[in-house]
Amino acid sequence: MSIQTRIFEGELSAAGLRLAIVVSRFNSFITDRLLSGALDAIQRSGGEDAQVDIVRIPGAWEFPITVRALTATKKYDAVICLGAVIKGDTPHFDYVAGEAAGGIGAAAVDSGIPVAFGVLTTNTVEQAVDRAGAKAGNKGFDAAMTAIEMANLLQKLQAGN
Ligand code: INI
């Protein structure tokens, strides 16, 4: 008896996917670059502007409630969160970054809709710049590619064959 291994993997094609990008205004000099990277990734993967809704929020703290509102509509195949939480002199960073990460993760698992975490959490402004299109790539681009792959993967898994 031979055992046939089946491999499930999501394609990197944005064709036909409905996507929401949630982008925070706090540290907008960084998040604007993340948004450009995400839109570039969608376009290069065969997506079109009409498939993408952009939702602007004040700061990273507001991601969880916004993502839950979006996933509840069932209109989107994936949601992409773009933000930048940069450490300051107080523990504020830990509360904001922790709430954003935990809340985004919980919203994805609870809804069954993939939510990509393109939220930078850095110790310095320079580290954020590096990850928003400079030395360390563009994490907005990466998050969009992850969302595209996961949306296609979940569609396959849900098809169940
Ligand atoms: N929001 C961010 O997105 N990044 C930060 O670095 C940040 N810091 O450092 O304060 C930040 N704070 C605002 C927060 O997300 C909320 O918008 C605010 O507290 C109102 O609810």
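All ligand and atom numbering here is 1-based and tracks the order in the structure.
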J.: Between the side chains of Asp53 and Arg18, is the shortest nitrogen-to-carboxylate-oxygen separation below 4.0 Å, so that they form an ion pair?
T.: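 Here Arg18 does not pair with Asp53 in a salt bridge, since their nearest N and O are not under 4.0 Å apart.
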J.: With the threshold set at 4.0 Å, does a side-chain nitrogen-carboxylate oxygen contact exist between Glu11 and Lys156?
T.: yes
J.: Calculate, to the nearest 0.5 Å, the distance between atoms CZ and OG1 belonging to Arg131 and Thr122 respectively.
T.: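 Atom-to-atom, Arg131:CZ and Thr122:OG1 are 7.5 Å apart.
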J.: For ligand 1, what are the residues with a heavy-atom contact below 4.0 Å?
T.: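 Residues within 4.0 Å of ligand 1: Phe26, Asn27, Gly59, Ala60, Trp61, Glu62, Ala84, Val85, Ile86, His92, Val96.
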J.: Would you say Ile65 has more than 12 foreign heavy atoms packed within less than 6.0 Å of its CD1?
T.: no
J.: As a quick check of understanding, evaluate side-chain contact (heavy atoms from CB on, under 4.5 Å) for Gln155 and Asp77, giving each step before the final call.
T.: CA-CA 9 Å; Gln155 283 181 357; Asp77 298 303; 3.3 Å; yes
J.: Would one find more than 12 heavy atoms of other residues, nucleotides or ligands at under 6.0 Å from atom OH of Tyr95?
T.: no
